[in-house]
There are 2 protein chains.
Amino acid sequence: MNNNATDKDGLNILQRADISKTPQRLAVLNILLKSTTPLNVSCVRELLTGKNRIDRVTVYRILSLFKQRGIIREITSTGGVNFIEMATQENPVHPHFSCRSCGMLSCLEPLTFSQSHQLISAKEDYSVDHIEINISGICSGCRNATMLQKQSGKGEQ
Amino acid sequence: MNNNATDKDGLNILQRADISKTPQRLAVLNILLKSTTPLNVSCVRELLTGKNRIDRVTVYRILSLFKQRGIIREITSTGGVNFIEMATQENPVHPHFSCRSCGMLSCLEPLTFSQSHQLISAKEDYSVDHIEINISGICSGCRNATMLQKQSGKGEQ
DNA sequence: ATTATAGTTGCAACTTAGTTGCATTTTTGT
DNA sequence: ACAAAAATGCAACTAAGTTGCAACTATAAT
Ligand SMILES: [Mn+2]
Ligand SMILES: [Mn+2]
Ligand SMILES: [Zn+2]
Ligand SMILES: [Zn+2]
């Protein structure tokens, strides 16, 4: 979602979703559009600095609206913090990798419908509207850090 | 995990895991063994009534130990509440269904290794140690309730 | 231009999940 | 029975997320 997003993109998205375009909503949208990884609410707020600072509650309300209108999707990550990412045509639902050590969340290759379809053996009387595949472990950054530590003689965490 | 679990099962599990057997740990273990669905910490505590009541912190510490020793596994559910279930040979990792309306979490059919394997296109430099597949929507109970409401002339929520 | 109306924001207060430090109690090994 | 080690309970805390309400802002009608 990073490819040189402009303010116009944000305006268009709000317009298409029939949402009134306030500076706060545009600010949040621009942050999400610019980000290369899913963000949690704290991260979004840290990026809303200076003139763009927005009350915590407002951020939650904006995100809740965006989610309801299908503009963003939520990623339920281990560790009790929810992440969000843009939900566009070019960014279909996909698995995520969450690092146990640093908490980083990154996107993995999307599944085709047929691939994901076969793993839903939900009883027929459930109506499915969302699938999350969350994979966790240790990211390359953290693994390298640990290796360096071991080489320099220090013990495990 | 419901099939007539006895106190002996709990003792055996603790023994095999080389964990000292305290009444608190046995009480938690017995609740998990008896439950037919994954439980969250609040549920576990509600079931620890009377003589068996245990401090909230102790419950967290016990569960954290059980998880570390592979006795239980955690299910990261939508809504910020984590669920737990017994992690035994006969109960391999499997997808879960979480109802958006009532919050109920239920177990779905397990995936074979080859099935789950193909959906992990993690970059090679990540080390994967956990996969969660969470499916959410509306459970049959809630759907029926909604239908009855509609029939009796009331509107949607 | 004035005013009514609905929608949006910010603030304060609250709830709930989970954690940390420390004193007291219980297990366990001798 | 006893000492060391481990486990528990309590109080206090953090962090995510929610609710109610008053103030503000855009819009639409007069
Ligand atoms: Mn993603
Ligand atoms: Mn299960
Ligand atoms: Zn990491
Ligand atoms: Zn339900």
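Source: prediction; values computed, not measured. Each chain gets a letter, A, B and so on, in the order the sequences are listed, and its residues count up from 1.
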Per side-chain contact (heavy atoms from CB on, under 4.5 Å), A:Cys139 is matched among A:Ser101, A:Cys102, A:Ser98 by A:Cys102
Atom-to-atom span, CG of B:Asn52 to C1' of D:dT8 - whole angstrom: 15 Å
Give a yes/no answer on whether the side chain of B:Asn82 brings an N or O atom under 4.0 Å of OP1 or OP2 in C:dG18. yes
For B:Asp18 and C:dT27, give me the distance from atom CG to atom P, rounded to whole Å. 17 Å
Between A:Gln24 and A:Thr58, is there a side-chain donor-acceptor contact under 3.5 Å, judged purely by atom types and distance? no
If you look at every strand shown and take non-hydrogen atoms under 4.0 Å, does B:Pro23 touch a base, only sugar-phosphate, or nothing? sugar-phosphate
Can you confirm whether B:Arg25 sits close enough to B:Ile19 that some side-chain heavy atom of one is under 4.5 Å from a side-chain heavy atom of the other? yes
Return the 5'-most residue of the pair A:Thr22, B:Lys21 with respect to DNA chain C, ranking by each residue's nearest nucleotide. A:Thr22
Qualifying ring-ring contact (aromatic ring centres under 6.0 Å, His included) pairs with a residue from residues 52-94 of chain B, counting only residues at least two apart or across chains: B:His94-B:His96
If you round to the nearest 0.5 Å, how far is CD1 of A:Ile84 from CG of A:Leu105? 11.5 Å
Using the rule given for side-chain contact (heavy atoms from CB on, under 4.5 Å), can you reason through B:Leu29 versus B:Ile71, listing the C-alpha separation, both sets of side-chain angles and the distance that settles it, and then say yes or no? CA-CA 9 Å; B:Leu29 210 37; B:Ile71 294 175; 4.0 Å; yes
Report the distance from atom CG of A:Leu39 to atom C1' of D:dA16, rounded to the nearest whole Å. 16 Å
Residue-phosphate contact under 4.0 Å: B:Ser42 side-chain N/O, C:dA17 OP1/OP2: yes
Please report the distance, rounded to the nearest Å, between CG in A:Leu14 and C1' in C:dG7. 15 Å
Answer yes or no: does a side-chain N or O of B:Gln24 lie under 4.0 Å from OP1 or OP2 of D:dG9? yes
If you take any heavy atom closer than 4.0 Å to DNA chain C, which residues from residues 54-69 of chain B end up in contact? B:Arg56, B:Val57, B:Tyr60, B:Arg61
For the pair A:Asn134 (side chain) and A:Phe97 (backbone), establish whether a donor and an acceptor sit closer than 3.5 Å, ignoring hydrogens and angles. no
Nucleotide D:dA15, atom P - distance to CZ of A:Arg45 in whole Å: 13 Å
Between B:Arg53 and B:Arg25, which residue's closest nucleotide on DNA chain D lies nearer the 5′ terminus? B:Arg25
